Structures are given as C-alpha cells and as structure tokens.
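To keep things clear, I will list the structure first and then write my remarks on it.
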Amino acid sequence: MPMRVIVVQFSGSTCDRDLVYAMKDVMGWEVDLVWYKEAQKHLESYDAIFLPGGFTYGDHLRAGIIAAYTPVMDKVKELAKEGFPVFGICNGFQILVESGLLTGALIGNDTLRFSCKWTNLRVETTRSAATNVAKKGDIWKVPIAHGEGRYFLDEKGLKELNENDQVVWRYVSDDGKITAEGNPNGSIENIAGICNLEGNVVGLMPHPERASESILSPWGSDHGKLYFQSLENYFRRG
Amino acid sequence: MTQETVLRDEINLTKEEKEVVYKTLNREPTIPEAAMLEVMNSEHCSYKSSRPVLPKLPTEGPRVICGPGEDAGVVDIGDGLALVFKLESHNHPSALDPFNGAATGIGGIIRDILCMGARPIGLLDSFRLGDLSDPHTKWLLKWVTKGVGDYGNCVGISNAGGDIEFDPSFQINCLINVGCFGVMRKDDLALSRATTPGDKLILLGGSTGRDGIGGASFASKNITEDSESDRGAVQIGDPYMKKLIIEATLEAIKAGVVEGLKDLGAAGVTCSISETADAGGTGTEIQLEKIRIREDDMEPWEILVSESQERMFFVVKPDNVKKISKIFDKYELPYEILGEVTDTGKCVVKYRDQTIVDLPAHLLTKPPAADRKATYPKYLNKLNQKWLPKEPKDNELNDICRKIMASDNMISREWVYRQYDTEVGLHSVVKSGQADAGVFRLSEFGTKKGIAVTFDGNSNQCYLDPYNGGAGIMMEACSNVAAVGAEPIAMTDCLNFGNPEHPQVFWTFEKVVEGLADAAKALGVPCVGGNVSFYNHDEVRDVAVKPSPVIFVAGLLDDVEKAVNNSFKSPEEFIILIGDTNTEIGGSEYTKVIHSSDDGQVPKVDFANAKNVLKKVVKAVNEGLVTSSHDISKGGLFVALTEMAMAGNLGFKVGLKRIPADTQRSDIKLFSETHGRFLMTAKQEDMDKLISIFAEDEIPASYIGSVTKEKKLIIENDENQVIVELSIEDIKHVWDTRMEEEMEGKK
Amino acid sequence: MAKFNAEVIIEGKKNARDPEGETIMRDLMIKHGYDMVSSVRSGKILKITLEAKNEKEAEDICWNMVNELRIYNPVAHVCTIKMVK
Amino acid sequence: MAKFNAEVIIEGKKNARDPEGETIMRDLMIKHGYDMVSSVRSGKILKITLEAKNEKEAEDICWNMVNELRIYNPVAHVCTIKMVK
Ligand SMILES: Nc1ncnc2c1ncn2[C@@H]1O[C@H](COP(=O)(O)OP(=O)(O)O)[C@@H](O)[C@H]1O
Ligand SMILES: [Mg+2]
C-alpha cells in the first residue's frame, strides 16, 4: 500500500504543487492537495499531514502567522498532540512554530535578504520520522529559499532542545563543520530543522522536494529523497 | 450629453490627434472622454512614434500562434503545448521608486502572460544602471533587486535569468526591463476580446485608487498643491493578491467560463473596455460606480485611467457568472460586474444615471501615428572604426585580464540572483549563473521537452553602431540558447531609447530595429511581441540613455536532459573553439575598460552563416558530444574561458596559435567580440565526431587546448610562449565577491 | 462608541541579534561623524484604528488582540502599545 | 552632552495601498472577531539612542542621518521623528 498523505493548500501557498509532485511523481505516493477550508474534515484519514513551503498570506506580519490561525490548524494541533505525524517544510515549519507545535521563532535572515541557495544539512538525529534511513552525521545537499529562516530560541530552550535530541538538522560547511560560513541565515547553533519531544512533528527550513531528483541539483544529487524515504520507512515499520 | 466638456486647446493632444477626435465626434469631448483620449494617445499606449518602424521586424513563422498585437507572444512548442512570453519596461517608475517600480513591473508582466491563459512559470530581469561604485547606483540596485525578488518570490514564480549593464548614461534614468514566460495547453488560449453582445464584463481584484494617474493636462490646473502630492501616488504591488488572481484565473479558464480576458496595466479600465470591444468588433457599456474605489473623492476620469495594480478584466457569458463567482469566492477575491458587451462599436460609461463617455472604441485603440524625423547623429562622425589600440606587451596581459574580470560588467551577479527563488516550480534545470540561458523542464505539462530563455542587450555597441549593435544582440541572444542545446524559436523585444522627437535619437531607433530585423530574418527567428520605452532622458544632465534594446529569445530542447551548462567537467578534456575571430573590438569590454575608447569596429553578424552555426551547435549538444558549452560574447575568448574554468573549479591551458583569425595580435584574439563563436569541451574520443559536424558546413572548429586539474589559467601566444598565467582562485575571489562587497558597504 | 488610534510596536528581544540595526550602525560609522549614536534598534509598527467605549477599553482590546493573535512572537519579540490622538 | 532617544517611523503615504496592513486586518484580526478594528497600517520603526547637546540637536542629527542613509524614499514614504523620554 502506498503512503497516503494530505498537503494543506493555504491562501497564497506557493510550493504546494511542488511538494505534491515530489511525493506523487517521484515517490509514487497517493497525495491529495486540499484547500485549507476543506482540509480539516478529512485530516485523520491520511497517514500524515504536510504543510508546504513558500509563502502563505504574502507572509505578511510574519511568515506563517496568519496560516497558523486558520481553523484547519486547530484541528492539526489537536491531532499532533495525539501523536499524528505532521511535517512542515519552509513556510510549513514557520506555521508549525507560529502555531506553537514546535518551539522557537523563525526571524529575518541575518543577511537582511531573501536567500535562495543550496546548503549542506547535517543529520543530527535519526530518531525523527524524516531522518530514520539516514546515519547521524550524513550530509544532504538541499536548497533554502527564504527571507525569514533564522531560527532563534533562548538559552534555556536551546538546552532542552539539545538534551531532548530535538535538533534534527544543522547547516554545515562543505567539510561538515558547524561554522558561520556554512550558516546561510544566522540561525542559532546553525539549526535548520527540529522536531517536537515525541518526534511526530518535524519542521525543516530547506526544501527536500527541490532536491529529490538529480536533474534539479547542481551536484547531480537527490538527497531530498532521503527525507521522503525516511517517512516511508517510518510508516512501514508502523 | 449634458456633461462639462473640454475645449480644444485644453486637451493635450497633437494637432493631428485633435483633428481625428473632433472630426469623429463632431463635438467637444467630456472630461472623462478627454482623459481617456489623452492616455490612449500617449506614446506608451499608442506606440505612435514606433508604429511606423516596427513592421520591419519579421513576425511570421510556422510556430507562431499569436504575434505582436496580443498581450504576449504565443508559440507552438508541440505536444499540444504553447509557450507564452513577453518583456516589458518599467523604467520611469523604477528610477523614482526602485522597490515599488520594479515590483509592479513584475506584477504587470505576470499579468500579460496570465491573460493569455498560461500559468506563468519563469521570470527574467534586466537592469541598466550607472557605475556600480556610485552610491545612487547602489541604492537603485539594492531596491530594484528587492522589488523583483519580493514580488516574484511571493507569487512563487522562479527566476530564470537576466542581465545587468553598468554605464554612466543610465545614472539617473535607469532601465528596468522584466520578462515572464508561461506554458499552457493550446486549447486554453484566451484572447483579449469581447465577441458576443450580452456577455458580462467583470472586474476582479484590488480596489481602484489614484495610483499611476499621470494627471490629465486639462484637469491639473484645478488641483491644489495638497492634492497634487497625493495624486499619482506610487503604485504598490500586492503579490499575495496576485497569487490568488493567478490561481482563480487559471481555474476559471479550466472551467471553460472565460470568453475574453484582459489585464489592467497602462490606462487601466479605459484600455480594457476599448481594446476588448475593438478586437471583438463589438462595444462595451459599463456602470462606473460599480468599481470599488479606495478614495471617496475620486473623479470619474480618475477612475477610468487609474493604473491600480492587481486587477483583471473578464468577459463572461451571463449563464456562467454564477460559476465564475464561485471560483472568485473560493479565493476570497473581490469582483464586480461592471456592465456588458454591446453591438454598438462604442465604449459607453454611465455614472449616476448619466452617460459620461460615449466614444467609438477604435478612436481609443487606433490613434494616428506620429511622423518622426530621423537624422544621422553627430557623435557618430567622431568615431574611428579603423582604430586599434597599441599592442600591449606580453607582460602587461596578466594585469589586463585581471582588470577585465573585475570590471562592473564582468563580475558575478550572484548577489542579485541569490535574492530570487530560482527553484520554485521544480522547473529550473540550468539555473541563473550556470549558463548562457536558463533551461526549464516541462514535466509538469507532460513532456520531456525543455525551454531555454535568455535576455540580451549591449547598449555600448548599440550606441556606437546601432545597426550592427542591434543585429549583434539578436545573434548573441540566439547563441545563448543554442549554447545550452536549444533551437531558438522566437523573440520578443523591449526597445529603450531617449526622446523620439529628437531626430538623432530616432535615427538610432530606426537603425537598431533594422539590425534586429535583418538578424531575425537571417536566423529565421520571428518577433512575436515587444514593448517600446521612449523618453529615457536624464533632464538634469540633458543626456539620453544609450540606445538599449533588450531582447528575450526563447529556445526549445526536444529532450531537456540533453541540456549542458558552461562549467568545465573534468581535466584532460579538449577545448574546442567554433568560428573565426575577427578584429572587432569596437564597444568591447577590452576597449572600454582598458583603453576607455569609443573607437574600433563593432562586431558584425555574418548573416550568411549565422543560422548554420547555431544549428550545428545545437546538434553537437544534442548528440551528447560536448560536456560543456558557452558562447563568446562580452569580454571575448578570455572571459568565456575563465568563466568556464571558474564554474568547474578547474584550469586550462590554451594556445592562441590555433585560433583562426584575421590577426596575429594576442590581445585581439583574446578580447575580440566577434559573433558566432562558441567554446565547447569534449572527451578525446568524441573529438572526431564533433569536428565533423562542423566540417560538414565548413565551420571552423579548432582544438585550442585542454582543461587542466591545476587551477590555473595558462595562455600561450603564437610562439608558444606563456603570456597569461593566473590563479583561478585569485581571479575568482575578486569576481565572486566584488558586487557583494560594494553592495554591503564593505568597500 | 468612539474611534481610537493605537500604535503597536514589535521589536526584537534584547538577547536576539538585530542585524538591521547593526547594519545601520555600521553604515553610520562608515559615513563618519555619527559617533554620537550609541544604538539603533529596528522594529515593526502597526497603526491601528478601532472603535471602543473609551481609551482604556481600546487599549485593553489591543492587548488582548496582540496576545491572542500573537501579533508578536514572545520567544523573539517584545511588544508595546501606545494610544495616540 | 546628554543622552536622547528618538523614534523614527517610516510608513507608506496616506493614500497609498498597504497590502500588509490590509491583510493583517482582513485575514487575521477581523476573521478572529476583532471587527471593531477599521484600519491597520504597517510601518517600520527605528529606535535610536544618541548623545547631543540638547533635544533640538538630537533631532537634527536624526534627520540628517535618515536622509543621508536614505532610510526612506520620500517618493513612497513619509518619515516622522519623535523624541521620546
Ligand atoms: N518593439 C516591439 N516589437 C514588436 N512588437 C511590439 C513592440 N512593442 C510593442 N509591440 C506589440 O504591440 C502590442 C502593444 O504593446 P503593449 O501596449 O506593451 O501591450 P501591453 O500594454 O498589453 O503590455 C503588443 O502586442 C506588443 O507585443
Ligand atoms: Mg498587457
């Protein structure tokens, strides 16, 4: 049985169709793209919920905030708290943060500019549903495209996040080190993606759907696929 | 009509234009009519200066579905699909407000693609600015980049390329041109016409305010200073609303409920109600108070000519109004039914139960052309085409090479294109900065074909020799798409010039168009649309911009996987130079940067062979015989080689002796900008096949050296002595970082 | 009921870096002569017009709103509200 | 010399559209029951701390600074500077 997932399409979503393509055409899953006003009725019938990347509501006020207040997110929050798998990419990560499902804040890049470039992501834990086929320390080439992707959290919060093994990916330089040069947006401790304590809610700023086919990658890589393969593996094991 | 009218000498039209108006109407126009006539007779809307010249451009070809005359060009790319593309200027708004000016430029060009019925998938942008080190240039560059980026990123359309030129003539009057392309099923083609009386006219999107109202001449005298400052407020783009309009429009087309579609750009509602009526051979009647206005005290004429952003105009069968409203409601987009199509041939506007406008549609859409004089410009008399610089000593060449790579027009544009989303849509296979043209796959549309797109211009060469400059950019743009492996299939242009009422300026306009036209014919690439921007003249210093056509060429790849980029792939591969090198350094980077001269012969296109060369290049790439490919243009052979080396992080060793040329001078072989030349790399075992492809047509394909593992640029002269030896890392460092350092205040 | 105007100011917490303020400071230093400036912080302002019985109520509504709708993210921002004429 | 605090506010012109303010009002505030809000305008604020002889001088310095650094574009924005305690 192929995976069956839902992608919630918000007002002004821009990477919704890309995510559908990667999961459907590249991975062969069953994917439904559902307008946010209709989505809340059906959420439970899927294996997982995806919040796509790009923009929503023009990213006005703060990226993800207005989408976080749509009724569908009330339902997503309920399900997530019961352990239902929820994944956010880029804007989806921002929505997860703004709706309180993940901790911290995603604020304006320290470059003060929108930035679209390929980054190196180091897998920090294989405990998350999105990294379980990887090895800790693996490096994936995956592009970012955001203006507000600088992850921020206070010291106390960071300590907990680290102790609970919730940091899933960090940005690193080509040689795999956590450096300022490898950090595209000033994220604290180079954090690129995190999960909640239980591991069922995962947010990631870079776009795995853009890195799932070698033809799209300047490196000829398809590391983004590992993200989706991990999910498949996670669900197959149940 | 019992309306207040406008007297003959109050209306800002030329004598001939007035003549036509008064003869047709046999009465004085009302205030709103006068405003509509003024704006539709403006250079921007009427093309009055350029219209007599543009027919020189070839517009026909087997692939052409819609040529000039529609909002965008449409060409058949097979598999039931069509490519829609267009290029437009937003110069004057951007010079004053670079952020909103550039952003609304993007907003406008997206609408042009959308209103043909296509999903916009790629954007391009072209900037012409003063010297990079100038603070005003930096301010403009910072904000136009942000304007293009913020808008394009937010609507989720990927950037596919662009170009930037720095030259003091653009210091104040910068040129900001933007392009967009989209793909659709041929059956979804939507036209800007209203063919059936009784159909409803619907305005979708944002409210109407005073944005972009130039202030009609007769009306401005009544305006107090206070209102003047609010009037003509800058246009603010709203990409979020645009995104919803795109989705709603495409959904409506798919549902089959759209009879006609028109975007609202220049001249706003006036343009929509007149062009759809005229094109459909019908009439239109609207109720003006139905339009949602943003400011209570707007006059009817202001509402009619407002250029507020994010609006679309639909022609819909009465039976389908319910269906289309449901779609608009889904996206929570406001809309209103303004009126309907009539059979009167007229545009009628009613306001509070009175008829305030009653004009024949063609009076608005087909104003008379202007008869412009053209005279040979004096500055051209001073130029010496035979001039050659003193030959540099061999030991000066390293320095010259370094200087050229670090010059404004050569350095990497990464600081700019990093701010654009180049990945969204999952189309970009060859991305900004990776090759001469951007390549998009079309798997979303169910084909393995690919589209290659490029922008090109060369204001310096077009200034020094408008005819050859014009022909040259056409050749270069086509070479760009050929280099990645695509057959050039159509072009659209944007012609940026000074004041057309200056005969010397107008002469350059005519010559550029002739050059473009002759090259387009020789290459068999039709022009399917364009845009003209005149009056790019800096009042303060009283200088016109250099003649600056920018062209957008689209190419087609049968199999997108065959596309190649310009980076060297592995050491030991052979470097092949296609074409002959001539002593053509007029307007070149070498002449400009090193000798600060305007003299010399501008490169001429070899019309007889141009098409064949491109065909063979495309063939070589598609047969998989080359591992990288690059056309030779600005900066000549040296720059092209260096760019390939930097991209691949490898070096090269090349000998000038093997270069077929009309000269023995090393500097000219290195820096001449002769057209129709390409650099390719190939594996040793593919060499024979590759060379024979070109030999069939007697096109020179010369082995000139090899890629090296050592990251050095090494060039030997005709006596096999090393005359250039530079470290890739040193050159690349400056090339990579200079723009960022300038822009981030690190310099 | 009457109309009131409120200014909601959202700025970064002291412990979060403010690259925009820093950049302005740096530009100032490069342009010389501005060494009297010791700090620049950037933020966002929302000017809100709303109806309420009185100013006190208007301010309460604004506070409720910014908290309930997370007009600011308490992890990264601080928020102040000023009623203005 | 004494320390002064200035607030520089940059916003769009009165009649220009403000899509951000409009969206915040329409899609966030009104949809969540704050229908007493009738207008939201968004802008940018810079809080500046500087030394000067007196308040007048402090304000002049701020004006010079925003103009020289082109912190706002008079074609599109209005800028106000308030000295605060
Ligand atoms: N330089 C040109 N070359 C060829 N066609 C042109 C040129 N300039 C304008 N056109 C054509 O004239 C028509 C009117 O152009 P324009 O007013 O810019 O359209 P719009 O306002 O819808 O963008 C378009 O179809 C355009 O393609
Ligand atoms: Mg148009």
Side-chain angles (χ1 to χ4, degrees), chain A residues 9-22 24-26 33 35-38 52-61 63 66 90-91 109 111-118 142-148 174 184 206-220 224, chain B residues 119 142 145-146 148-159 237-247 251 329-333 414-434 439 441 443-444 446 448 450 560-561 563 565 567 647 740 743-744:
Chain A
Q9 184 181 39
F10 291 98
S11 187
S13 282
T14 52
C15 300
D16 46 337
R17 295 160 64 248
D18 297 2
L19 183 58
V20 170
Y21 173 88
K24 201 176 189 161
D25 295 68
V26 181
L33 178 63
W35 187 241
Y36 72 105
K37 286 184 200 165
E38 269 98 60
F55 283 68
T56 45
Y57 295 91
D59 278 7
H60 288 309
L61 188 57
I66 301 181
C90 185
N91 202 274
N109 296 351
T111 59
L112 302 179
R113 300 188 301 272
F114 185 94
S115 182
C116 174
K117 66 196 262 192
W118 287 71
V142 184
I144 57 163
H146 58 242
E148 298 174 31
D174 287 338
H207 288 265
E209 80 277 18
R210 299 179 175 194
S212 298
E213 291 164 283
S214 57
I215 188 172
L216 295 176
S217 158
W219 325 93
Chain B
R119 176 176 285 281
K142 171 176 172 185
T145 303
K146 190 162 167 56
V148 169
D150 277 12
Y151 202 108
N153 298 337
C154 185
V155 286
I157 304 180
S158 159
N159 191 277
D238 183 352
Y240 164 49
M241 183 179 266
K242 175 61 57 60
K243 171 67 178 165
L244 300 177
I245 290 178
I246 293 173
E247 298 306 328
E251 212 167 300
D329 289 341
K330 166 179 168 187
Y331 292 99
E332 297 180 21
L333 283 169
E414 187 168 338
W415 183 88
V416 172
Y417 63 71
R418 277 283 164 263
Q419 297 183 54
Y420 304 151
D421 194 333
T422 53
E423 313 282 335
V424 61
L426 309 184
H427 300 116
S428 67
V429 168
V430 177
K431 306 168 204 285
S432 306
Q434 289 186 336
V439 178
R441 65 173 181 176
S443 43
E444 177 189 354
K448 57 181 200 152
V560 75
E561 305 219 8
N565 61 25
S567 65
E740 168 143 11
M743 294 306 295
E744 301 303 317

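Keep in mind that what you see is a predicted model, and the values were worked out from it rather than measured. Numbers restart at 1 for each chain; the letters A, B, ... are given by sequence-line order, proteins then strands.
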Subject >> Partner residues of B/Lys330 under the salt bridge (Lys or Arg N to Asp or Glu O under 4.0 Å) criterion, sequence neighbours left out >> reply: B/Glu251
**OP:** Go through A/Ser11 and B/Tyr240 one step at a time and tell me if the side-chain contact (heavy atoms from CB on, under 4.5 Å) criterion holds.
**Re:** CA-CA 9 Å; A/Ser11 187; B/Tyr240 164 49; 2.8 Å; yes
Subject >> B/Arg441 and B/Glu561 ion-paired at < 4.0 Å >> reply: no
**OP:** Quick one: which of B/Thr422, B/Asn153, B/Leu244, B/Ile157 has the most heavy-atom pairs under 4.5 Å with chain A, could you say?
**Re:** B/Asn153
**OP:** With a 4.5 angstrom heavy-atom cut-off, could you sort out which part of A/Tyr57 is near chain B: side chain, backbone, both or neither?
**Re:** both
**OP:** Using a cut-off of under 4.5 Å on heavy-atom pairs, state which of B/Val560, B/Val429, B/Asp150 scores highest against chain A.
**Re:** B/Val429
**OP:** Report yes if some heavy atom in the side chain of B/Tyr420 is under 4.5 Å from a heavy atom in the side chain of B/Ser432; otherwise report no.
**Re:** no
Original post:
Where does A/Phe114 contact chain B at under 4.5 Å (heavy atoms): side chain, backbone, both or neither?
Top reply: both
**OP:** Please identify each residue that fulfils salt bridge (Lys or Arg N to Asp or Glu O under 4.0 Å) with A/Asp25, with sequence neighbours left out.
**Re:** none
Subject >> Electrostatic pair A/Lys37:B/Glu332 at N-O distance under 4.0 angstrom >> reply: yes
Subject >> Segment of A/Asp59 engaging chain B (4.5 angstrom heavy-atom cut-off) >> reply: neither
Original post:
Among B/Glu414, B/Lys243, B/Met241, which residue forms the greatest number of heavy-atom pairs with chain A at distances under 4.5 Å?
Top reply: B/Lys243
Original post:
Under a 4.0 Å N-O cut-off, is there an ion pair linking B/Arg119 with B/Glu247?
Top reply: yes
Original post:
What part of B/Val430 gets closer than 4.5 Å to chain A, counting heavy atoms only: side chain, backbone, both or neither?
Top reply: neither
Original post:
Given a strict heavy-atom distance threshold of 4.5 Å, which part of A/Arg210 is in contact with chain B: side chain, backbone, both, or neither?
Top reply: both
**OP:** Measure B/Ser567 against the heavy atoms of chain A and call it side chain, backbone, both or neither at under 4.5 Å.
**Re:** neither
**OP:** Heavy-atom pairs under 4.5 Å with chain B are the metric here; pick the option from A/Ser217, A/Gly12, A/Ser13, A/Ser115 that has the most.
**Re:** A/Gly12
